Amino acid sequence: MRNTVEINVWMLRNGWSVGRIQRKLGYRTHTGISNTLAGRENLSKVLQLLLDVGCPVEYLDLPKSMTERGAA
């Protein structure tokens with residue numbers, strides 16, 4: 001299960017927001033990002049960005065498709 005509280009705390013401490021992720025990835029809306037952070041979706045670009053900027057993998061509960069290709 002994705003640890004939404006820890007992800008949000010990590011994002012606050014590290015200067016990340018849904019809006020910043022949206023701008024960085026060029027998404028038109030924040031819906032998919034918010035749903036991914038809450039664990040309702042698994043947008044790999046969002047999860048990969050969080051990994052790339054240092055979010056601990058244990059907070060993200062990566063989908064099998066990402067762990068199989070070695071993203072974690």
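This one's a predicted model, so the numbers in the text were calculated from it and none came from an experiment.
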Passes side chain to side chain contact (heavy atoms under 4.5 Å, CB included), Asn3 versus Asp61? Steps please.
-> CA-CA 8 Å; Asn3 193 332; Asp61 186 34; over 6 Å; no
Pair Leu37-Leu50, side chain to side chain contact (heavy atoms under 4.5 Å, CB included): steps then yes or no | CA-CA 10 Å; Leu37 295 177; Leu50 289 170; 3.6 Å; yes
Side chain to side chain contact (heavy atoms under 4.5 Å, CB included) between Thr36 and Lys45: does it pass, once the steps are laid out?
-> CA-CA 10 Å; Thr36 296; Lys45 287 183 179 183; over 6 Å; no
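- Atoms CG and CD1, from Leu47 and Ile33 in turn, are 11.0 Å apart once rounded to the nearest 0.5 Å.
- No side-chain donor-acceptor contact under 3.5 Å links Ser44 to the backbone of Met66.
- Residues meeting the side chain to side chain donor-acceptor pair (under 3.5 Å) test with Arg40, sequence neighbours left out: Asn35.
- Atoms CG and CD, from Leu60 and Glu6 in turn, are 11.5 Å apart once rounded to the nearest 0.5 Å.
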Could you pull out every donor-acceptor pair under 3.5 Å between side chains of residues 10-22 and any protein atom, sequence neighbours left out?
residue, atom, partner, partner atom, Å
Asn14, ND2, Trp10, O, 2.7
Ser17, OG, Gly19, N, 3.4
Ser17, OG, Arg20, N, 3.0
Arg20, NH1, Gly15, O, 2.7
Gln22, NE2, Tyr27, O, 3.4
Gln22, NE2, Arg28, O, 3.2

Apply side chain to side chain contact (heavy atoms under 4.5 Å, CB included) to Val57 and Thr67, showing your working.
-> CA-CA 10 Å; Val57 67; Thr67 57; over 6 Å; no
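- Connection of Val9 to Ile7 is not established within any shared hydrophobic cluster, with ILVMFWY side chains joined at heavy-atom distances below 4.5 Å, either directly or through further cluster members.
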